[in-house]
Structures are given as C-alpha cells and as structure tokens.
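Here the structure is a predicted model, which is why all the values come from computation and not from measurement.
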Amino acid sequence: MVIARTVNMLHAILEQARGFDDVELLLSKGNDALTRFMNNHVHQSTEVAWRNLRIRVLLDGRSGVVETDRLDQDSLAAAIERAGEIARAQPAPETPAQLEASRPMADSTAWHETTAAAMAFDRARIVQQLGDLARPKGATFSGAISTSEKTTCIVNTRGTEAYQESTQAELNLLAQRGELSGYSYWIGGDISALPLNDLADEALSLTAAEAVLQRLEPGVYPVVLDHYAAGMMIGYLGYMGFGAKQYLEGRSFMTRRMGKRVASTRITIRDDARNPSGLSSMFDGEGVVRRPVDLIQAGVAVGVVTDSVSARALELKNSGHAFPMPNSEGPAASHLFVEPGKSTLPRMIGSIKRGIYVRKFHYVNVVDPMTSLITGMTKDGTFLIEEGKLVRPLSNLRFTQDVLGALKSCSALSSASRLVEGVYGPVHSPAMLIKKFHFTGVGEE
Amino acid sequence: MHSIAAMIMNHASSRKVDYADVRVIRRTTESISVRNEIPESVEVSETFGVGVRVFVDGRWGFAATDDIVHDRLDGLVERAILGAKAAAVAGGPKEHFDPPPAVTATHASFCEVDPQSVSLEEKLSMLTACTRIMGGEKSVEQCEATMDAWHEVKVFYSTLGSQIEQSSTVCGAGISAGALARGDMQVRSYPNSFRGNFARAGYEFIDAMRLDDNAAQTAAEAAALLRAPMCPDLPEADLIIGGSQLALQIHESVGHAIEFDRILGYEASFAGTSFLQPSDVGHRIYGAPIMNVTADATLPHGLGSFHYDDDGYLSVRDVIVDSGRLVGVLTSAGIAHVLDRRSNACMRAEGWNHFPIIRMTNVNLEPGEAGSLEDLIADTSHGYLLETNKSWSIDDKRLNFQFATELAVEIRDGKRGRLFRNPIYSGMTPAFWASCDAICGPSEWQLWGVTNCGKGEPMQVAQVSHGCAPARFRKQRLWGA
C-alpha cells in the first residue's frame with residue numbers, strides 16, 4: 001500500500017515533468033534517531049524526520065539536477081523548471097547521458113519493526129544496561145546508539161521502478177578505565193539482534209590490564225589487526241581504487257595492475273551488496289540491480305565496480321554501483337567482503353614473538369592513491385605482543401603503510417568475520433596477521 | 001519562517017519546559033564541477049526544515065522535520081520532550097545551561113554580487129575555459145574546475161523571548177591539474193586543494209580569484225612536479241609553511257584541541273579528546289612567544305562568522321593563545337561555567353536537522369613581524385617551503401600529526417631552489433608550535449575556508465575559516481613518500 005502510494009506519487013511528478021527527453025526521480029525519506037552518551041550517562045537525544053527528492057531531467061543528452069525537500073505542487077513545479085534550465089545551460093556532450101531501465105526486486109528482509117519502533121526510552125535503557133556492566137569494573141562507557149528507517153524509491157521515464165524499505169541500528173562503544181580504552185561496534189538491520197553483553201565485554205576486555213601505557217619506538221613490526229582495524233584498511237583500499245572511474249582515469253592503483261598479483265594468495269575481496277551478512281542493498285543510485293563483483297581473487301587484481309557511464313566506456317555489463325547520477329565520484333564499492341581464513345585471533349597473537357595488536361584505526365587518510373599509501377593512528381586498544389601474549393598496553397602509534405604492501409605480507413586471516421566500519425559503507429572483514437607493518441610515529445609525548 | 005518559530009515556541013512554553021529554542025532554516029546550494037571541458041555535475045538543492053531543542057530537568061531533547069505542515073509541528077515539541085525525559089533513564093549528572101539574554105535582531109552577511117545573479121552559462125564557460133587552458137599542458141590529463149555557492153536564512157526563537165534572523169551567502173571555487181606518467185600522479189591546485197577557497201561573500205570573491213589567469217601556471221607546476229625528485233628524508237628541516245597549509249595545521253592542532261567539549265570528554269567516542277586539561281587554561285605554554293591565536297566569529301568574510309550562535313549568544317572575538325600561553329578555549333552556554341566563564345558563543349549545528357555542538361569559529365594565527373613571504377625566504381639559509389595540502393591526519397588527542405603537501409621548494413641562501421614532489425611533514429603539537437620563530441606580517445595574512453570539518457554523532461560537517469600568514473618552523477621532520 002505504502003509502496004503503491006509512493007510509486008504513484010512519483011509517477012504523477014513524472015507526468016508533471018513532460019517536455020523533456022527523459023526524467024528520473026529519486027525519493028529518499030526516513031526517520032533517524034540517536035542517543036549519545038558519555039561516562040554512562042546520556043547527553044544528547046535526537047530524532048529527525050527527513051526527505052529528499054532528486055529530480056533529474058535529460059534534454060539532448062544533457063542532465064539538469066535539482067534536489068528538494070519541499071514537495072508541494074508549487075515547489076515541485078519550480079524545481080522541475082530549474083532542472084530544465086540547468087540542462088539547457090550546458091553544451092551538448094560528446095557522450096549523451098542516458099537513463100537505465102530496471103525493475104529490481106525489493107529485499108523484504110531489510111526492514112525490521114523492532115528497529116523502526118525503537119523509542120528514545122529503549123535506547124536510553126541500553127545505555128543504562130551498559131552503565132550497569134561498566135561500573136563493577138571501575139570503567140565507563142561512552143558512545144552512541146542509533147536506530148533509523150529509510151525508504152528509497154526510483155522511477156524514470158525508461159520504465160525503472162525500484163523501491164526499498166530498510167532499517168538500521170548501530171552501536172559505537174568506547175570503554176574507558178584510567179588511561180586504558182577499548183572499542184567495539186555493531187551495525188545491523190534488527191536492533192533485537194544487538195549482542196549488547198558481548199560488545200560490552202569486548203570493549204571492557206582491553207581496559208582490564210593493571211599497567212600504564214608504554215611508549216614503543218616506531219619501526220616495522222608484525223601486527224595483528226583486529227576486525228575493526230583490518231576492515232577500515234580494506235575500506236580505504238576500496239575508496240582509493242575499486243571504482244571504474246578512477247581506473248579509467250589512471251588514478252587507481254588497479255590501473256596498471258589488472259590481472260597481476262597485488263596481494264597474498266590468501267586475499268580475496270569482492271563487493272556483494274546482496275549478501276545477507278552485510279547491509280543488503282538491491283539497487284544503486286540509478287535503480288540498477290547491484291551485482292556481486294570480484295575485485296581481488298587469491299591475490300590477483302581482477303575487477304572494478306561500474307555504473308552506467310563507466311560500464312559503457314569499459315564495454316562491461318553495469319554492475320550497479322552508481323551514486324545518483326551525474327556525479328564526480330564515479331561508482332563505488334560500498335559492500336566489501338574479505339574472504340575469511342582458517343585462523344583465530346588467539347592463534348595469530350600466539351604465533352608472534354614480538355609484535356603489536358591493534359583494535360582500531362583512527363583518522364585514516366590517503367597519502368598516495370596510486371601506491372595505496374595511507375596514514376592514520378591506532379586507537380582504543382594497542383598492545384605489545386611478546387612470546388605470543390598481549391603483555392602491555394601501548395601508547396597509540398602512527399602508521400604510514402601501503403595497503404597492498406600490507407596485504408602482500410598477510411600470513412593469516414581469522415575464520416570469523418565481522419561487519420565493521422569502512423569508508424563507503426561497512427566492510428565484512430576477518431582479523432589479519434600482517435608480517436610487516438610500518439609504524440612511523442608515537443601518539444604520546 | 002517567523003510564524004513557524006513563534007508557533008512552536010508558544011507550544012513549548014505551554015508545555016512548561018525549563019527552556020526551548022527552535023531554528024527554522026532554509027538553505028539553497030549550487031554546486032558545479034567541470035572536468036576536462038565537460039560539465040561533470042551541476043546540482044541545485046534546497047532544504048527547508050525546523051529543529052526544536054528542549055531542556056527538561058537538566059536533560060536535552062531534540063526533534064526536527066522538513067515536513068512543514070503546521071498542524072504536525074506540535075508533535076515536534078512532544079518528541080523533543082520525550083527525548084529529554086528518556087535521557088534521565090540512564091541517570092548521571094545533569095547538564096547545565098546558562099541562558100543568554102533575550103534579544104531581537106536581524107543580520108545579513110556581506111554579499112556584493114549575488115551568485116544567483118550570475119548565469120549558469122557564464123559560470124560554466126569560465127570553468128570550462130580553465131580546464132581547457134590546463135589541458136594544454138603536456139602530461140596534464142585530469143583538469144578539474146569547481147564552484148560552489150550557498151545561501152542560508154536562519155530564524156532562531158527561544159522561550160526566553162529571543163527572536164533572531166540571520167542570513168548569509170558563501171561562495172567558493174578552485175581549479176586543479178593532474179599530471180600522470182609512469183604510474184605516478186601529481187596534482188597542483190589553485191588557490192587551494194579540495195574545491196578551492198571559500199568565504200562568506202558574494203560572487204565578487206570568485207571573480208577576484210582570477211582562476212583562468214592562473215590555470216596555465218597551475219598546470220605547468222603539476223607537470224613540473226611529475227619530473228621533480230622525491231622529497232628527501234630529513235630528521236630536522238626548517239620549514240616555511242604556506243598560508244593554506246598552515247590554515248589546516250591550525251585547524252587540526254589548535255582549533256580542535258581547544259574545543260572545550262572535547263577537553264571534557266564529550267567527543268571521546270568519536271572525534272576524540274584533547275591533550276589539554278581544563279586546568280591548563282591560563283597556564284599552559286602552547287607555543288613560541290610569537291604565537292598569538294584568536295577565535296573570532298566577527299570577521300566579515302569568515303566561514304566561522306555569524307552574529308549569534310545556536311545558543312543565542314552574541315558572537316565575539318576571543319583571545320586563545322597570548323604570547324604563546326593558552327588563555328582561552330571554545331565554549332558554550334552548557335559548559336563555560338566549568339571555567340567560571342561566560343560562553344564565547346561557539347555553538348553551531350550543521351542544519352535544521354542537527355543538535356548544536358561546539359564548533360570552531362574563525363581560529364586565527366595573528367600576523368607576525370617577518371614581513372612578506374619573500375622576506376622570510378630571504379631570511380632562511382636552508383629550508384623548505386611547503387605549499388597546499390594533499391593529505392592530513394592527527395591523533396585523537398590532537399598531538400601527533402602528519403601532513404602531505406602538493407610540493408616542497410628547497411630554499412638555499414635565501415633563494416628558492418629545487419622543486420620536490422610528495423613531501424610529508426610530521427610532528428607533535430606542542431613541540432611544533434614551540435619551534436615557530438617567524439610569522440609573516442599583515443600583508444600576507446588571509447582567511448582560508450575549510451568546508452569539511454567533521455565532528456559529532458550523527459556526523460555534522462561544519463565550515464570554518466582560519467586566518468594566517470606563512471610562518472617558519474625550525475627542525476621539523478620532513479620526508480617523501
């Protein structure tokens with residue numbers, strides 16, 4: 001019923017926008033709620049209802065785009081007229097813009113009543129439970145818990161009709177005791193699946209040591225990257241080079257390496273937006289069905305993700321990875337999966353004579369996309385490993401490392417995999433053992 | 001907009017909240033990107049929404065919507081109250097709020113030429129011409145020219161009786177040339193990287209950039225960088241840091257560190273904390289004696305300028321670092337009392353849909369006495385001039401930083417020498433600012449707009465400017481990668 005009403009509303013706007021060669025409408029709307037807490041108490045409780053209609057008109061191959069959240073008749077008429085003016089103001093392009101024709105199926109498992117119905121009191125009670133878990137251990141929790149619901153609908157004059165309702169819940173958790181801190185994170189569609197006690201234990205476990213932070217000299221060390229650090233690193237790899245636009249323009253580390261070995265044979269990475277272990281997304285910003293794409297297979301660079309424009313340029317089938325078009329970014333790999341291995345975190349740590357364990361990376365940024373060089377800091381759980389054991393907490397370290405270099409020296413991956421924070425979207429990643437990782441600075445004085 | 005604000009405040013008053021305010025905001029944005037003579041994206045967007053903040057028994061609640069139908073707006077106050085009451089469930093200390101005096105005010109930022117009065121054809125023509133000129137340079141394959149403008153009207157009402165209307169216009173533009181060869185890419189930008197420079201001003205600001213006049217030089221520098229050797233690895237190098245890069249250095253290693261909410265731990269789980277403690281204010285040596293920093297929301301063209309903040313406090317110019325000593329931080333009506341001070345008006349929200357948090361105003365390094373950039377170069381026997389940011393990162397306490405810039409120029413015996421590619425410098429905040437021994441004078445001082453400052457959960461992106469002149473820092477780690 002809601003689907004029909006929304007689709008019909010957009011078709012009515014398409015009718016209103018006659019006079020152009022083609023028209024595309026992308027309606028997004030939702031409710032976002034978030035409870036933020038510090039030292040076990042809530043300091044911010046927010047609830048936002050929002051909507052956005054993106055109107056794209058095509059005229060002689062030129063695109064004009066207007067976005068608005070004003071959906072009354074007068075505002076819509078003005079927005080459509082302005083989109084036409086924008087299209088007409090542009091010169092005729094050599095490669096005319098085109099719309100896609102697609103009718104993707106909605107994912108009926110992406111919406112959960114439990115999440116949509118969660119109230120501020122429900123989120124505050126979670127904070128209360130966290131406080132109850134932290135206090136006996138002399139620790140505190142800070143972080144944020146959010147619940148949201150979203151509807152996305154795309155229709156165009158080429159016959160595309162795409163509709164999706166989804167929910168999302170997310171917990172970002174920081175445990176602190178003295179100068180020690182530990183991090184954990186969860187994201188999913190159904191808040192009733194939130195493993196609160198496990199997440200609390202995971203974050204608290206790194207604050208239990210009776211030791212002061214030790215400063216370790218920068219250098220090259222073997223490192224065990226917990227899921228959170230490994231996933232963030234892979235997220236940045238995708239940001240730097242898994243898109244076809246970067247590849248075509250020669251700005252990606254993939255450009256000169258397609259078909260070549262770029263990582264250990266243990267490394268297989270694919271983008272799979274329909275994998276139920278991730279946050280499923282059936283269609284992209286053009287309404288095109290998202291298809292799985294192999295990016296690195298057993299260490300060999302094998303593919304990039306495309307949108308309609310880059311797929312035509314590469315003469316490939318569109319893989320459905322577009323942001324709303326037109327855009328400067330090009331397609332993006334936003335649902336990355338790293339194939340797990342056969343090891344475990346304890347086994348990886350146990351195999352190291354002297355090295356470093358890292359829970360999480362902080363403030364990562366790209367230094368050189370052509371060599372996959374990134375920099376950042378460790379945060380909320382950095383430990384010295386000696387003789388196979390976590391022996392003492394370390395001051396945060398700065399790393400400057402080419403990701404492909406790290407992946408070439410990857411000697412083990414955990415069999416367990418987690419959905420963790422990435423760049424374009426969460427990354428499903430195992431923990432990794434990297435033999436050589438370059439630490440270039442220390443956080444504390 | 002005023003009638004919506006008044007209606008919501010009437011409703012909030014009837015619900016006996018301790019305090020409430022509302023922001024009704026309309027914002028229009030135009031964003032243009034041209035790549036290699038082709039308009040890559042031209043977008044106009046408009047948003048119009050309302051956000052209500054209520055304070056009930058020491059807890060905040062916030063609700064917002066852009067579904068502006070009057071009979072639905074009553075529910076907004078109820079939802080905000082529900083959030084505030086829910087916040088009490090977890091217990092803990094109550095929040096504090098020092099209400100500002102009630103004011104009625106109207107203020108508009110300075111704008112000589114409305115960017116909407118300039119045709120899209122003219123804008124596209126100028127940007128396309130820039131990419132054509134840059135593309136004329138051999139080896140330059142990626143030529144980008146961008147322009148952004150936005151206009152915002154914000155109406156603020158509070159249950160104390162404040163009625164404030166503020167409107168502002170922001171413009172920005174920039175060009176960049178990407179030279180590619182042998183698996184390397186070198187980018188040169190003008191007047192700054194990441195979509196150029198921005199100011200609270202009209203189209204006259206973009207006109208004054210003379211992007212087309214600078215396109216050929218920008219492309220030539222990108223091509224030259226492709227041929228330049230890698231920056232040498234030096235444990236101790238004297239650095240002259242150019243204005244736009246120094247602005248980002250100030251942003252990361254001063255601006256964020258002095259946010260008092262970070263110092264108190266409110267951002268610990270996301271943006272991070274600070275190496276500073278509340279007791280440092282008035283005592284700690286932040287940098288060299290020539291270091292003077294102000295937080296100034298009253299500058300006419302700064303992106304961090306406004307007339308009243310989102311607590312309803314009048315904007316101020318405050319001294320933060322006085323002759324190297326930390327004397328102030330960025331505060332709000334909620335936490336200034338911890339220092340026994342009055343708010344210096346730093347609360348801002350990204351839009352109608354965000355809860356206000358402490359954001360930088362224009363945090364500026366005041367000019368020094370080293371004259372012009374050429375004077376400073378002439379005064380340097382051996383060092384490196386670093387220009388235009390390429391990459392940035394800093395730890396959660398704002399201590400350990402690492403920046404990459406587009407280029408380094410060696411200085412020998414007071415003269416510019418060899419060009420180097422891929423320079424990186426890194427250091428620790430206190431030692432870095434202590435090493436500053438020369439700051440150029442007022443003639444070199446200018447505001448640089450930073451448009452992508454992220455903080456808060458949900459993430460809020462703020463715009464701020466930093467005024468500075470090129471400055472010299474002794475014995476810093478410099479390397480190439």
B:A481, part contacting chain A, at a heavy-atom distance under 4.5 Å:
both
Test your reading of the model: is there a side-chain donor-acceptor pair from A:R398 to the backbone of B:S393, 3.5 Å cut-off?
yes
Of the backbone (N, CA, C, O) and the side chain (C-beta and beyond), which part of B:T47 lies under 4.5 Å from a heavy atom of chain A, both, or neither?
both
For chain A, the option from B:D396, B:L180, B:I357 that forms the most heavy-atom pairs under 4.5 Å:
B:D396
Between B:A86 and A:A124, what is the shortest heavy-atom contact and its length?
O-CB, 3.1 Å
Assert top hit (heavy-atom pairs under 4.5 Å, partner chain B, pool A:M325, A:Q90, A:R88) equals A:Q90
Quick one: CD on A:Q246 to CE on B:M185, what's the gap to the nearest 0.5 Å?
9.0 Å
Where does B:K123 contact chain A at under 4.5 Å (heavy atoms): side chain, backbone, both or neither?
neither
Which pair of heavy atoms, one from B:N400 and one from A:M377, lies closest together, and at what distance?
OD1-SD, 3.9 Å
Best-contacting candidate, A:S328, A:G131, A:A87, A:P369, against chain B by heavy atom pairs under 4.5 angstrom:
A:S328
Counting only non-hydrogen atoms closer than 4.5 Å, does A:Q129 touch chain B with its backbone (N, CA, C, O), its side chain (CB onward), both, or neither?
neither
Nearest 0.5 Å, what's the CD1-CD1 distance between B:I32 and A:I86?
8.5 Å
Take a 6.0 Å sphere around NZ of B:K455 and say whether it holds more than 12 heavy atoms from other residues, nucleotides or ligands.
yes
In terms of heavy-atom proximity below 4.5 Å to chain A, should B:E252 be classed as side chain, backbone, both, or neither?
side chain
Got a salt bridge between B:E30 and A:R82, using NZ or NE/NH1/NH2 to carboxylate O under 4.0 Å?
yes
A:T440 versus chain B, the contacting section by heavy-atom distance below 4.5 Å
both
Pairs of heavy atoms under 4.5 Å with chain B: top-ranked of A:L174, A:V65, A:V127:
A:V65
Select one option (side chain, backbone, both, neither) describing which atoms of A:T35 are under 4.5 Å from chain B's heavy atoms.
neither
Contact part of A:R36 toward chain B, heavy-atom cut-off under 4.5 Å: side chain, backbone, both or neither?
side chain
Under 4.5 Å heavy-atom distance to chain A, tell me which part of B:Q402 shows up: side chain, backbone, both or neither.
both
Are there over 12 heavy-atom neighbours, none belonging to A:Y185, within less than 6.0 Å of that residue's OH?
yes
Without swapping roles, check the side chain of A:N172 against the backbone of B:S269 for a donor-acceptor pair under 3.5 Å.
yes
With a 4.5 angstrom heavy-atom cut-off, is it the side chain or the backbone of A:V366 that approaches chain B, or both, or neither?
backbone
Under 3.5 Å: donor-acceptor pair, side chain of A:Q44, backbone of B:E457:
yes
Tell me, out of B:G51, B:G183, B:G58, B:S426, who's got the most heavy-atom pairs with chain A below 4.5 Å.
B:G183
Is it the side chain or the backbone of B:R53 that comes within 4.5 Å of chain A heavy atoms, both, or neither?
neither
Sort out for me which of A:R62, A:M38, A:E47 touches chain B most, counting heavy-atom pairs under 4.5 Å.
A:E47
Could you tell me which of B:V89, B:D66, B:D395 has the largest number of non-hydrogen atom pairs under 4.5 Å with chain A?
B:D66
As a quick check of understanding, evaluate side-chain contact (heavy atoms from CB on, under 4.5 Å) for B:L82 and A:F121, giving each step before the final call.
CA-CA 8 Å; B:L82 209 61; A:F121 279 96; 3.9 Å; yes
Quick check for you: to the nearest 0.5 Å, what is the distance between B:W392 atom CH2 and A:T375 atom OG1?
12.5 Å
Among A:K29, A:M119, A:H43, A:R123, single out the residue with the greatest number of heavy-atom pairs under 4.5 Å to chain B.
A:H43
Residues A:R56, B:E43; criterion salt bridge (charged side-chain N to carboxylate O under 4.0 Å, His left out); working and verdict
CA-CA 9 Å; A:R56 181 188 180 199; B:E43 278 189 40; over 6 Å; no
Greater than 12 external heavy atoms within 6.0 Å of A:Q128's CD
yes
List the atom of A:P326, the atom of B:S41, and the distance in Å for their closest heavy-atom pair.
O-CB, 3.8 Å
B:F48 versus A:T68: any side-chain heavy-atom pair under 4.5 Å?
no
What are the two closest non-hydrogen atoms of A:R70 and B:E46, and how far apart are they?
NH1-OE2, 3.6 Å
Pick from B:F270, B:W352, B:W60, B:F355 with the largest number of heavy-atom pairs that fall under 4.5 Å of chain A
B:F355
Checking heavy atoms, do the side chain of B:I394, its backbone, both or neither come under 4.5 Å from chain A?
both
With chain B as the partner, which of A:E170, A:E94, A:R54 has the greatest number of non-hydrogen pairs under 4.5 Å?
A:R54
Contact summary for A:A89 and B:L124, nearest pair of heavy atoms
O-CD1, 3.7 Å
Which bit of A:S146 is near chain B, if near means a heavy-atom gap under 4.5 Å: side chain, backbone, both or neither?
neither
Chain A heavy atoms under 4.5 Å from B:I424: which part of the residue, side chain, backbone, both or neither?
side chain
Using non-hydrogen atoms and a 4.5 Å limit, figure out which bit of B:R398 sits close to chain A: side chain, backbone, both or neither.
side chain
Mind checking the CG-NE2 spacing from A:D32 to B:H354? Nearest 0.5 Å is all I need.
9.0 Å
With a 4.5 angstrom heavy-atom cut-off, which part of A:N40 approaches chain B: side chain, backbone, both or neither?
backbone
Need one label for A:R51: side chain, backbone, both or neither, based on atoms under 4.5 Å from any heavy atom in chain B.
both
Side chain from CB out, backbone as N, CA, C, O: work out which of these in A:L34 comes under 4.5 Å of a heavy atom of chain B, or both, or neither.
side chain
By a 4.5 Å heavy-atom criterion (distance strictly below it), what part of B:E95 contacts chain A: side chain, backbone, both, or neither?
side chain
